[in-house]
Each structure stands twice: as C-alpha cells, then as structure tokens.
A.B. asks: 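One structure coming up, written as structure tokens, with questions to follow.
To find a chain, count down the sequence lines: A is the first, B the second, and so on, and within it residues start at 1. Note that the structure is predicted; figures quoted are calculated from it, not measured.
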Protein chains: 2
Amino acid sequence: MGLDKYIEMLKTKGLKVTQHRLEIMKYLDNNRTHPTLDQVYLYMKEKFPSISKMTVYNVIDSLISSRIINSMRFVNSTELHVDFDNKTHFHFVCGKCGEIYDLDSDLDLQELLKKEGHEAEDYNVNIYGTCGKCAKK
Amino acid sequence: MGLDKYIEMLKTKGLKVTQHRLEIMKYLDNNRTHPTLDQVYLYMKEKFPSISKMTVYNVIDSLISSRIINSMRFVNSTELHVDFDNKTHFHFVCGKCGEIYDLDSDLDLQELLKKEGHEAEDYNVNIYGTCGKCAKK
DNA sequence: TTCTTAAATTATAATCATTACATTATTGGA
DNA sequence: TCCAATAATGTAATGATTATAATTTAAGAA
Ligand SMILES: [Mn+2]
Ligand SMILES: [Mn+2]
Ligand SMILES: [Zn+2]
Ligand SMILES: [Zn+2]
C-alpha cells in the first residue's frame with residue numbers, strides 16, 4: 001500500500017523500520033494540518049490501541065532529528081506541531097479559527113546570514129493574524 | 001530614573017501604571033536577551049522578594065496583549081520568550097551555545113499575504129543553526 | 001534460521017510550564 | 001476621600017514533556 005517510500009526514507013537515514021514509524025509517516029504525509037503530538041497519538045490509538053504515548057514522542061523525535069519531518073511552535077499554543085513537508089515554507093496562523101495555512105516563499109536566508117557568520121540549518125516563519133475566511137465574516 | 005517613557009507607554013495603551021509593570025518593562029528594555037518568564041521572575045524576586053510568579057505571567061500577558069512587547073517560542077524550548085523590541089526582526093538560535101541573536105530584515109509580508117487574503121498582525125522568523133562563534137571552534 | 005545486540009517500545013513517575021480560581025490589595029477617577 | 005475596576009497573590013489543577021527502567025523487536029552475523 002505504498003509504504004515503500006517511507007521505508008526508503010528510514011533506511012536512507014539509518015533508522016530501523018517499524019510499523020509505528022511507517023504509520024505515523026503515512027499519517028503525516030496525508031494530513032498536512034500541522035498536528036500536535038497529541039493529535040498524532042489519538043490517531044495512532046485507533047490503529048494500535050495499545051500504543052504508548054511515549055512511542056509517539058520517540059517516533060516524532062527520531063523523524064525530526066533525521067530531518068524527515070519539520071517541527072514548529074506557535075506563540076498561542078503550548079504544544080509542538082509537526083509537518084511532513086520539510087521544504088521551507090511559511091505558516092500563517094489565524095487567531096480566529098486557529099487554522100494553520102501554508103505559504104510559499106522564496107526567502108533566501110543565506111545572504112542574510114553570511115555577513116553574520118551564522119550557519120542556518122532550518123527555520124520557521126510564523127505569521128499571526130486573521131485569515132481570509134474569518135476576515136469576511 | 002527614566003521611567004517616564006514606560007509610564008507613557010502604559011497610559012497610551014490604557015493600562016494602569018504599577019511598580020511591577022514598570023520594573024519589568026525597564027528590565028526587558030535593558031536586557032534584550034529574549035528571556036523566559038522564569039528569568040524575568042528570578043530577576044523580579046531580587047527586587048520584590050514577595051512577588052508572585054503569577055504577577056509576572058499577568059504583567060507579561062498585558063504587555064503582549066497591548067503590543068508593547070513581543071513574544072516567541074522556539075522548537076528547542078518549551079517556554080515562552082519575550083522581547084522588548086517589537087519592531088519586526090528575525091531571530092537566530094544557536095543550537096550549540098543557545099544564544100539568540102537579532103537579525104535585521106526588510107521582509108515585506110504584505111505582498112505575500114495580499115493574494116491569499118490574510119491580514120497579518122505580527123510574525124516571528126526563527127532561524128536555527130550554528131552561530132559564528134561556535135562555528136569557529 | 002537462529003543468535004545477538006543495539007535500538008525501539010512500554011509503563012510509570014517526575015518535572016516543568018501554564019492556567020484556573022478565589023481572595024486581597026491597589027490604581028485612578030469621581 | 002471613596003468607589004469600582006483592575007492588578008497582585010496564593011494555591012491548586014492541568015497539560016506537555018522528560019526521565020527511567022524493564023521488556024520487546026529489528027536486522028545483521030553466524
Ligand atoms: Mn506546513
Ligand atoms: Mn529580538
Ligand atoms: Zn480563520
Ligand atoms: Zn553559538
């Protein structure tokens with residue numbers, strides 16, 4: 001059922017292939033809603049009723065460390081959010097409905113950082129405001 | 001001792017002027033290190049040994065809500081950080097030493113958001129990597 | 001295939017940040 | 001000075017994350 005893609009990604013990173021990792025990767029790949037760990041856990045519990053929440057923490061942790069997925073925190077939330085899309089893009093968080101929108105960008109950090117001597121590995125751009133839908137109301 | 005500036009800011013926003021608010025504002029103005037609430041609390045306890053941590057939460061909350069200060073969260077930290085500088089700028093977080101650097105920017109969000117119909121009120125740009133100092137070692 | 005070991009999963013407890021709430025004190029205007 | 005709204009306090013509760021130790025599993029070697 002098309003898990004080869006995920007198996008390949010794990011092997012490339014030298015991570016062991018487990019059912020939990022594959023299922024979480026598939027879920028995140030098909031649900032680009034920037035879920036919290038708890039949301040991932042609730043989904044996983046449906047499929048694996050005996051799963052431990054710690055497994056979700058561990059899986060997410062290994063996927064982030066190996067750069068398979070991205071993570072972000074927003075000022076209005078106390079939880080870590082994750083995103084299967086690890087191509088750099090911006091996020092817009094609506095303060096009214098809470099929806100998190102993806103925004104494309106062509107921001108070039110390298111030039112900005114070069115003169116400072118810093119080496120960037122990753123970044124988050126979080127924009128807060130009122131989304132188009134909510135603005136109309 | 002130059003508190004007029006802060007008194008003025010509070011009055012402009014319709015907030016009551018209290019010793020705690022003034023002291024926290026002065027502290028944040030003079031310490032642009034993006035402290036956590038706990039760091040602000042530890043400082044305040046020196047000056048006001050009987051202060052409640054809740055007061056720090058409340059003060060910070062009112063300063064953020066009135067847009068006098070900015071706040072941000074980083075993926076590697078579970079705590080809210082605050083910044084007296086509310087002019088938009090970027091932050092670079094060094095994964096080695098933990099230092100948070102300010103970076104100037106001329107990012108224009110308006111154009112980016114216009115076509116999506118979103119209305120931005122604020123944003124955070126958090127860049128993660130290794131800072132110049134740590135890179136040399 | 002079986003053995004071996006490092007890595008992953010689990011369960012539980014502990015810690016840390018934040019929120020809720022009820023009480024008391026203070027600010028700023030009448 | 002007096003009053004009402006707001007701020008500060010103390011305590012308890014909640015929620016997210018981390019720590020730890022025991023058990024199970026993945027995957028390579030024999
Ligand atoms: Mn995204
Ligand atoms: Mn700053
Ligand atoms: Zn919205
Ligand atoms: Zn550094």
A.B. asks: Taking the nucleotide of DNA chain C with the nearest heavy atom to each, does B:Tyr57 or A:Leu15 sit closer to the 5' end?
C.D. replies: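 Result of the comparison: A:Leu15.
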
A.B. asks: Quick one, which residues of residues 67-81 of chain B touch DNA chain D with a heavy atom under 4.0 Å?
C.D. replies: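 The stretch gives B:Thr78 as the residues lying under 4.0 Å from the strand, ordered by number.
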
A.B. asks: Check every atom of C:dT9, D:dT9, D:dA27 against the side chain of B:Asn58 and return the nucleotide holding the closest atom.
C.D. replies: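 For the B:Asn58 side chain, the nearest candidate turns out to be D:dT9.
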
A.B. asks: I'd like to know if A:Arg67 pairs up with A:Glu121 as an ion pair, taking the criterion as any Lys NZ or Arg NE/NH1/NH2 lying under 4.0 Å from an Asp or Glu carboxylate oxygen.
C.D. replies: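 Yes, this pair counts.
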
A.B. asks: Can you tell which of C:dT10, C:dA8, C:dT27 lies closest to the side chain of A:Ser52?
C.D. replies: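 So the side chain of A:Ser52 is nearest to C:dT10.
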
A.B. asks: Just the rounded figure in Å: distance from C1' of D:dT25 to CD of A:Gln19.
C.D. replies: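 Roughly 11 Å, once rounded to whole Å.
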
A.B. asks: Tell me: NZ of B:Lys45 to C1' of D:dT9, nearest whole Å?
C.D. replies: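 Result: 14 Å.
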
A.B. asks: Between A:Ile51 and A:His20, is the side chain to side chain contact (heavy atoms under 4.5 Å, CB included) condition met? List the steps.
C.D. replies: CA-CA 9 Å; A:Ile51 196 173; A:His20 294 155; 4.0 Å; yes

A.B. asks: Can you tell me if the side-chain N/O atoms of A:His20 get under 4.0 Å from OP1 or OP2 in C:dT9?
C.D. replies: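 Answer is yes, contact under 4.0 Å.
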
A.B. asks: Considering the terminal five base pairs at each end of the helix from C:dT1-D:dA30 to C:dA30-D:dT1, what angle separates the two local helix axes, rounded to 10°?
C.D. replies: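 It works out to 40° between the end axes.
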
A.B. asks: The criterion is side chain to side chain donor-acceptor pair (under 3.5 Å); which residues satisfy it with A:Lys87, sequence neighbours excluded?
C.D. replies: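 Checked A:Lys87 against side chain to side chain donor-acceptor pair (under 3.5 Å); matches are A:Asp85.
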
A.B. asks: For a quick test of reading the model: is some side-chain N or O of B:Thr36 closer than 4.0 Å to OP1 or OP2 of C:dA17?
C.D. replies: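 Checking B:Thr36 against C:dA17: no side-chain N or O falls below 4.0 Å of OP1 or OP2.
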
A.B. asks: Between A:Glu99 and A:Lys133, does at least one N-O distance fall below 4.0 Å, as a salt bridge requires?
C.D. replies: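 Between A:Lys133 and A:Glu99 there is no salt bridge, as every charged N stays at least 4.0 Å from the carboxylate O atoms.
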
A.B. asks: Could you tell me the separation between the CG atom of B:Asp38 and the P atom of C:dC16, rounded to a whole number of Å?
C.D. replies: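 Going from B:Asp38 (CG) to C:dC16 (P), I get 10 Å.
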
A.B. asks: Hydrogens and angles aside, do A:His91 and A:Asn124 bring a side-chain donor and acceptor to less than 3.5 Å of each other?
C.D. replies: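 On atom types as modelled, these side chains do not qualify, holding no pair under 3.5 Å.
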
A.B. asks: Using a cut-off of less than 4.0 Å, is there contact between a side-chain N or O of A:Thr55 and OP1 or OP2 of C:dA8?
C.D. replies: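 False: A:Thr55 side-chain N/O out of range (4.0 Å or more) of C:dA8 OP1/OP2.
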
A.B. asks: Output the single nucleotide from C:dA7, D:dA7, C:dT18 whose closest atom is nearest the side chain of B:Leu37.
C.D. replies: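 So the side chain of B:Leu37 is nearest to C:dT18.
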
A.B. asks: As a quick check of understanding, evaluate side chain to side chain donor-acceptor pair (under 3.5 Å) for A:Asp102 and A:His89, giving each step before the final call.
C.D. replies: CA-CA 7 Å; A:Asp102 285 324; A:His89 60 282; 2.9 Å; yes

A.B. asks: Is the distance between the ring centroids of A:Tyr101 and B:His118 less than 6.0 Å?
C.D. replies: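 Aromatic pair counts; centres sit under 6.0 Å.
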
A.B. asks: Rounded to whole angstrom units, what separation is found between the OH atom of B:Tyr41 and the P atom of D:dG10?
C.D. replies: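 So the two atoms are 9 Å apart, to the nearest Å.
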
A.B. asks: For the side chain to side chain contact (heavy atoms under 4.5 Å, CB included) test, which of A:Ile69, A:Val40, A:Thr55 pairs with A:Ile24?
C.D. replies: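 So, applying the side chain to side chain contact (heavy atoms under 4.5 Å, CB included) to A:Ile24 and each of A:Ile69, A:Val40, A:Thr55, only A:Val40 qualifies.
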
A.B. asks: Looking at C:dA8, D:dA7, D:dT9, which one has an atom nearest to any side-chain atom of B:Met54?
C.D. replies: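 Of the options given, the side chain of B:Met54 lies nearest D:dT9.
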
A.B. asks: Yes or no on ring pair (Phe, Tyr, Trp, His ring centres under 6.0 Å) for B:His81 and B:Phe74, after CA distance, side-chain angles and deciding distance?
C.D. replies: CA-CA 8 Å; B:His81 293 249; B:Phe74 302 109; 5.1 Å; yes

A.B. asks: What is the nucleic acid contact for A:Ser50, judged by heavy atoms within less than 4.0 Å: base, sugar-phosphate only, or nothing?
C.D. replies: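 Contact class for A:Ser50: sugar-phosphate only.
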
A.B. asks: To the nearest Å, give me how far apart CD (A:Glu23) and P (C:dA8) are.
C.D. replies: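 That distance rounds to 18 Å.
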
A.B. asks: Starting at NZ of A:Lys16 and ending at P of D:dT24, how long is that distance when rounded to a whole Å?
C.D. replies: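 These atoms are roughly 16 Å apart.
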
A.B. asks: Roughly how many Å is it from NZ in A:Lys13 to P in C:dA7, rounded to a whole number?
C.D. replies: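 About 18 Å, once rounded to whole Å.
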
A.B. asks: Under 3.5 Å, side chain of A:Lys96 to main-chain N/O of A:Thr130, donor-acceptor pair present?
C.D. replies: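 Such a contact is absent between A:Lys96 side chain and A:Thr130 backbone.
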
A.B. asks: Could you tell me how far apart A:Asp61 (CG) and C:dT10 (C1') are, to the nearest whole angstrom?
C.D. replies: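 Distance check: A:Asp61 CG to C:dT10 C1' gives 16 Å.
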
